[in-house]
Amino acid sequence: MTVPAPFAFAHDIAKAIASGDVTARAVAEAALARIAAVGGPINAFTDVTTARAMEAAETVDAARDRGEPLGPLAGVPYAVKNLYDVQGLSTRAGSKINRERKPADRDATLVTRMDAAGGVLVGALNMGEYAYDFTGENAHDGPSRNPHDVTRMSGGSSSGSGAATAAGLAPLSLGSDTNGSIRVPASLCGIFGLKPTYGRLGRGGSFPFCDSLDHLGPFARCVTDLALTYDALQGPDERDHACAARSVEPAAAGLAAPPPRIAVLGGHFAESTLPEAREAVARVADALGTTRTVTVDGAEAGRAAAFVITNAESANLHLERLRTRLDDLDPDTRDRFLAGALLPASWYVQAQRVRRWWARQLALAIADVDVLIAPATPCTAPLIGQKTMSLDGKEVLVRPNLGLFTQPISCVGLPVVAAPMMASNGLPIAVQLIAKPWREVDALRAAAALERAGVAAAPRPSGLDG
């Protein structure tokens, strides 16, 4: 019996367990041992759920021994951003304050669905405080570090999710994306990430950030694993008003279909990038056989609207913490919440108007194509602690501008797959594959075509064993 290597794909692990080549218990033990051995420098985990993992693995093994059909992720280790409720753990949401909350008495909706598919939860993951972050630098738990270079950022706010899956600590992980918090870590850490359509995946049992922009979604090291996980997570969620009546539309079975109509998204999305991002988009366009560029006006306004909406809604959510626990907040998070609390209501109303206008502009741009290509980040991973970077000869702040190209897309809730590759500077970077609402399958098919062509792949970190 050979335990799959740390960078084995989830679907291969599930197949090996189902066939009896390995036990789920052995896989879980190996995953927990790897977290203990090499997880320290990465700092991806805040909680390791050893007892729960072993119990879940033994349940999978017992079901197999009885000849029962197993789920598509049977025995596969996974981990979740610590804003997901996990029964028995306090839901930190990356904060100091939330550690005082009583442990959750039930799992988040998506955790329940991962378990129903046979997944084995191995822990909860580091993140930016209250998800208000693009860098992965948590003031309370320390930064999650990039597995490709531990002096560099993993990206946020789903920092631990990106780092854990890139480092081979968990084949699958779950994160959240409000303005880019799945796609930025996917890009900087070099893995696949899916931000679904707003309302596609249930948010029940997750700690909110900005209700009208929050999405939940998976990370994986290949497109098949991403699609299998996405399929397992789908379904209506009575705990989430945005997902109360959503139907299931499986994607994994259709990955071999020809890629849909493709174009490069120009204008704002072709500007303010470093050469690595431009090269990535060009490689993807060439591999997918498109020379077409679609330019749409208004992305800057859409991004500005996202800033205002995020700031206002999140500040309102945290007003009591601002009144009573100001000194327990990360100073960067605190200052953004304070600014949001002072925004005039008219600004928020106008931002929602701009958001609707920008959605119409983008809908026109994508009307006769199925997938648009854009950079995921303007650069590869900056150094931890780096405050500014140069874009187009201008010195700009790192933290907000890592979301330069993700924010305008989140603002209107379109589905996106972040597809990774290695950049010419030796670090990972990703492109966004942006589809029409509810057409996650088109973005996944485009990503699968890139994977088959050898263009998109999760580069393996060179400094980690296994």
Side-chain angles (χ1 to χ4, degrees), residues 134 177 179-180 183-184 186-187 195 197-198 213 259-310 350-380 389-398 400-419 423 429-437 439 442-443 446 450:
F134 278 136
D177 190 311
N179 287 300
R183 291 158 291 159
V184 170
S187 183
K195 183 203 79 66
T197 309
Y198 177 81
L213 290 172
R261 299 168 297 172
I262 310 280
V264 173
L265 190 51
H268 168 82
F269 299 91
E271 301 165 359
S272 300
T273 60
L274 293 179
E276 294 80 18
R278 291 194 292 272
E279 291 164 7
V281 169
R283 287 174 63 193
V284 167
D286 183 63
L288 293 177
T290 186
T291 58
R292 181 178 178 186
T293 297
V294 172
T295 299
V296 56
D297 295 327
E300 296 87 348
R303 185 175 180 230
F307 270 122
V308 171
I309 293 165
T310 302
Q350 181 61 17
Q352 292 287 10
R353 291 193 186 108
V354 170
R355 179 188 192 178
R356 291 190 291 272
W357 171 83
W358 163 237
R360 292 192 294 272
Q361 300 301 109
L362 202 51
L364 290 172
I366 204 171
D368 63 347
V369 298
D370 300 299
V371 172
L372 294 170
I373 305 166
T377 52
C379 58
T380 55
M389 60 181 174
S390 179
L391 288 179
D392 289 342
K394 300 176 183 177
E395 203 70 11
V396 300
L397 293 172
V398 167
N401 285 292
L402 285 174
L404 184 65
F405 303 122
T406 57
Q407 261 185 305
I409 307 305
S410 300
C411 185
V412 295
L414 297 181
V416 186
V417 170
I429 198 164
V431 297
Q432 295 185 89
L433 301 170
I434 306 160
K436 291 182 171 72
R439 292 299 301 171
D442 288 338
L450 291 174

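In this chain, residues are counted from 1 in sequence order.
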Engineer: Looking at Leu372, Ile409, Thr197, which hits side-chain contact (heavy atoms from CB on, under 4.5 Å) with Leu414?
Structural biologist: Ile409

Engineer: Give a yes or no on whether the backbone of Ile366 and the side-chain of Lys436 come within a donor-acceptor separation of less than 3.5 Å.
Structural biologist: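 At least one qualifying donor-acceptor pair exists.
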
Engineer: If you look at every heavy atom in Cys411 and Ala305, which pair is closest and at what distance?
Structural biologist: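 Heavy-atom minimum between the residues: SG-CB, 4.5 Å.
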
Engineer: Determine yes or no for a side-chain-to-main-chain donor-acceptor pair under 3.5 angstrom, with Trp358 supplying the side chain and Pro408 the backbone.
Structural biologist: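 Yes.
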
Engineer: How many angstroms lie between atom OG1 of Thr380 and atom CD of Glu276, to the nearest 0.5 angstrom?
Structural biologist: 5.0 Å

Engineer: If you look at every heavy atom in Val417 and Ala443, which pair is closest and at what distance?
Structural biologist: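 Scanning both residues completely, I find the closest heavy atoms to be CG2-CB, 3.8 Å.
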
Engineer: Could you grab the distance from atom OG1 of Thr295 to atom CZ of Phe269, nearest 0.5 Å is fine?
Structural biologist: 10.5 Å

Engineer: Under 3.5 Å, is there a donor on one side chain and an acceptor on the other for Ser272 and Asp392?
Structural biologist: yes

Engineer: At their closest point, which heavy atom of Thr377 faces which heavy atom of Ser187, and how far apart are they?
Structural biologist: OG1-OG, 2.8 Å

Engineer: Could you tell me whether the side chain of Ile373 reaches within less than 4.5 Å of the side chain of Leu265, counting heavy atoms only?
Structural biologist: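 Side chain of Leu265 against side chain of Ile373, heavy atoms only: no contact under 4.5 Å found.
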
Engineer: Evaluate the side-chain proximity of Leu288 to Val371: yes if any heavy-atom separation is below 4.5 Å, no if none is.
Structural biologist: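 Counting from C-beta outward, Val371 and Leu288 never come under 4.5 Å.
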
Engineer: Any chance you could measure Leu404, atom CG, to Glu271, atom CD, to the nearest 0.5 Å?
Structural biologist: 9.0 Å

Engineer: Could you tell me which non-hydrogen atom of Thr406 sits nearest to which non-hydrogen atom of Gly180, and how far apart they are?
Structural biologist: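 Shortest heavy-atom separation between Thr406 and Gly180 comes out as OG1-CA, 3.5 Å.
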
Engineer: Show the nearest heavy-atom pair for residues Asp442 and Ala435, with the distance to one decimal.
Structural biologist: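 Minimum heavy-atom contact is CB-CB, 4.3 Å.
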
Engineer: Measuring from Cys379:SG to Asn401:CG, what's the distance to the nearest 0.5 Å?
Structural biologist: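 Result: 9.0 Å between the selected atoms.
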
Engineer: Test your reading of the model: is there a side-chain donor-acceptor pair from Thr290 to the backbone of Ile262, 3.5 Å cut-off?
Structural biologist: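 Here the side-chain-to-backbone pair exists.
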
Engineer: Check whether any side-chain N or O of Asp286 sits under 3.5 Å from a backbone N or O of Ala282 as a donor-acceptor pair, and report yes or no.
Structural biologist: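 Side chain of Asp286 to backbone of Ala282, a donor-acceptor pair under 3.5 Å: no, none is there.
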
Engineer: Exactly one of Arg292, Arg261, Arg439 should register a salt bridge (charged side-chain N to carboxylate O under 4.0 Å, His left out) with Asp370. Which one does?
Structural biologist: Arg261

Engineer: With a 4.5 Å heavy-atom cut-off, do Leu364 and Val296 have their side chains touching?
Structural biologist: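 Not in contact.
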
Engineer: Could you tell me how the ring of His268 sits relative to the ring of Phe405: parallel (under 30°), tilted (30 to 60°) or perpendicular (over 60°)?
Structural biologist: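 Rings of His268 and Phe405: perpendicular, over 60°.
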
Engineer: State, to 0.1 Å, how close Pro375 and Thr273 come at their nearest heavy-atom pair, and which atoms those are.
Structural biologist: CG-CG2, 4.0 Å

Engineer: If you round to the nearest 0.5 Å, how far is CD1 of Ile434 from NZ of Lys195?
Structural biologist: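 One finds 9.5 Å between NZ of Lys195 and CD1 of Ile434.
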
Engineer: For residues Gln350 and Arg353, determine if any side-chain heavy atom of one lies less than 4.5 Å from a side-chain heavy atom of the other.
Structural biologist: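 Yes, their side chains come closer than 4.5 Å.
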
Engineer: Is a side-chain donor or acceptor of Gln432 paired with a backbone partner of Ala418 at a separation under 3.5 angstrom?
Structural biologist: no

Engineer: Looking at side-chain heavy atoms only, is the closest gap between Arg283 and Leu450 below 4.5 Å?
Structural biologist: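 No. Closest side-chain heavy atoms not under 4.5 Å.
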
Engineer: Would Val284 and Leu433 satisfy side chain to side chain contact (heavy atoms under 4.5 Å, CB included), going step by step from the backbone distance to the final call?
Structural biologist: CA-CA 10 Å; Val284 167; Leu433 301 170; 4.3 Å; yes

Engineer: Look up atom CZ in Arg355 and atom OG in Ser410, then write down how far apart they are to the nearest 0.5 Å.
Structural biologist: 9.5 Å

Engineer: Taking the side chain as C-beta and beyond, is there a heavy-atom pair between Asn179 and Phe134 under 4.5 Å?
Structural biologist: yes

Engineer: Hey, are the side chains of Asp177 and Val416 touching, using non-hydrogen atoms and a 4.5 Å cut-off?
Structural biologist: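 Side-chain contact under 4.5 Å: no.
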
